Amino acid sequence: MKDHGFAREGTPVSLQDSERGFEPMVLSPEGFDEFFRRALARLVLFLIKIGASREEAEDSAQEAMAKAYENWHAVEHPEAWVRVVAERIHLASTARARAAPARAAAGGWAGDLVRPDPDLAVFGDEQRRVLDLLRRLPHEQRRVMAWYYDGFTITEIAAIIGRPEATVRSHLRHARQRLKRELDIKDAVTPDAVGAGEGMH
């Protein structure tokens, strides 16, 4: 069994470029460090696809990676595992954020609690265009498209999110139709536009 203490093994890793803003972590030399370096930026982008702001995506991705480290010995499909965990963390955080204004108003200390617009400036023009269109989809359609864009099959998506394959296909079909209408260009939205994976890992 692996030692999961962050400070006990490995060497500090300085995160740069697309991973800016994260605190350096001491990572295990037994496979997790390579996965972390390879998957973190993609995980952040996945969360942005499902509707998180860049800051929210970074926070949720960091927390999901920490949980992956703690459970690394039991994680069979890390790419899928961290997405499921990160999505749950993001949704829980969003639910708390939505409840905050009501609590503030009830307590008489409400201020200007405005949810910031997602920061998409770091992405290219085509990525920003597609990400903006994804945000206009209903949640379930956006969620299925995020998984699909990351290279997961319909069968895998259905198993991961706990929906029948027919439902996943329906969400995917309606999402594609709406995106194509918005773009007004047939087949303009492709997995390459926002980065695709290679199936479940």
Side-chain angles (χ1 to χ4, degrees), residues 13-25 27 32-69 75 77-94 97 115-154 156-157 160-161 168 171-172 175-176 178-179 182-183 187-201:
V13 175
S14 297
L15 306 178
Q16 301 175 352
D17 301 329
S18 63
E19 297 168 10
R20 286 196 304 272
F22 293 110
E23 292 297 327
M25 298 170 63
L27 304 176
F32 180 81
D33 53 347
E34 180 182 353
F35 169 72
F36 182 91
R37 290 175 184 274
R38 184 184 74 246
L40 180 59
R42 292 205 304 265
L43 180 59
V44 170
L45 181 56
F46 169 80
L47 291 166
I48 291 174
K49 290 173 198 170
I50 66 173
S53 70
R54 181 171 175 81
E55 181 180 1
E56 291 168 342
E58 289 175 345
D59 289 346
S60 297
Q62 179 77 346
E63 187 173 345
M65 283 294 189
K67 291 182 181 296
Y69 186 98
V75 176
H77 302 290
E79 292 280 1
W81 196 96
V82 293
R83 282 166 173 75
V84 170
V85 173
E87 183 180 7
R88 289 174 181 169
I89 292 169
H90 167 62
L91 292 176
S93 176
T94 300
R115 181 184 177 88
D117 290 332
D119 179 9
L120 303 181
V122 297
F123 301 109
D125 291 341
E126 182 65 15
Q127 282 186 322
R128 285 200 303 272
R129 187 182 186 193
V130 175
L131 289 169
D132 180 64
L133 290 173
L134 283 174
R135 294 179 186 284
R136 303 181 191 183
L137 296 174
H139 173 71
E140 285 298 316
Q141 291 180 17
R142 184 169 67 244
R143 184 187 191 197
V144 167
M145 288 297 286
W147 283 98
Y148 181 74
Y149 273 141
D150 276 17
F152 291 84
T153 68
I154 289 175
E156 289 172 343
I157 295 169
I160 291 166
I161 70 175
V168 172
H171 286 320
L172 190 59
R176 284 168 162 170
R178 180 164 179 174
L179 288 174
E182 293 282 353
L183 287 168
D187 297 325
V189 180
T190 66
D192 289 341
V194 289
E198 308 236 345
M200 188 178 291
H201 298 280

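Note that the structure is a prediction, hence the values are computed from the model and not measured.
Side-chain contact between L131 and L45 is present, with at least one heavy-atom pair separated by less than 4.5 Å. Counting heavy atoms from C-beta outward, V82 and F35 have side chains that approach closer than 4.5 Å.
A donor-acceptor distance shorter than 3.5 angstrom exists from the side chain of R178 to the backbone of R136, with no hydrogens or angles considered. Between the S60 side chain and the E56 main chain, a donor and an acceptor come within less than 3.5 Å of each other. Under a 3.5 Å cut-off, the side chain of Q62 and the backbone N or O of D59 do not form any donor-acceptor pair.
Closest heavy-atom contact between H171 and V144: CB-CG2, 3.9 Å. Nearest heavy atoms, M145 versus A175: CG-CB, 3.4 Å. Closest non-hydrogen pair, G151 versus E156, comes out as O-OE1, 4.4 Å.
Atom CZ of R83 is separated from atom NZ of K49 by 7.0 Å, given to the nearest 0.5 angstrom. The CG atom of L179 lies 4.5 Å from the CG atom of L137; values are rounded to the nearest 0.5 Å. Distance check, rounded to the nearest 0.5 Å: CZ of R142 to CD1 of I50 gives 7.5 Å.
The salt bridge (charged side-chain N to carboxylate O under 4.0 Å, His left out) search around R88 returns none, not counting sequence neighbours. The side-chain hydrogen bond (donor to acceptor under 3.5 Å, both in side chains) search around E87 returns R143, not counting sequence neighbours. Remark: A86 pairs with L43, L47, A64 by the side chain to side chain contact (heavy atoms under 4.5 Å, CB included) rule, at least two apart or across chains. Partners of R176 by side-chain hydrogen bond (donor to acceptor under 3.5 Å, both in side chains), not counting sequence neighbours, listed by chain and number: Y148. Legend: residues meeting salt bridge (charged side-chain N to carboxylate O under 4.0 Å, His left out) with E63, ordered by chain and number and at least two apart, are absent.
Applying the ring-ring contact (aromatic ring centres under 6.0 Å, His included) definition to pairs two or more places apart or across chains, those involving residues 38-65 are F46-W147.
A salt bridge does not link R37 to D33: none of the charged nitrogens lies less than 4.0 Å from a carboxylate oxygen.
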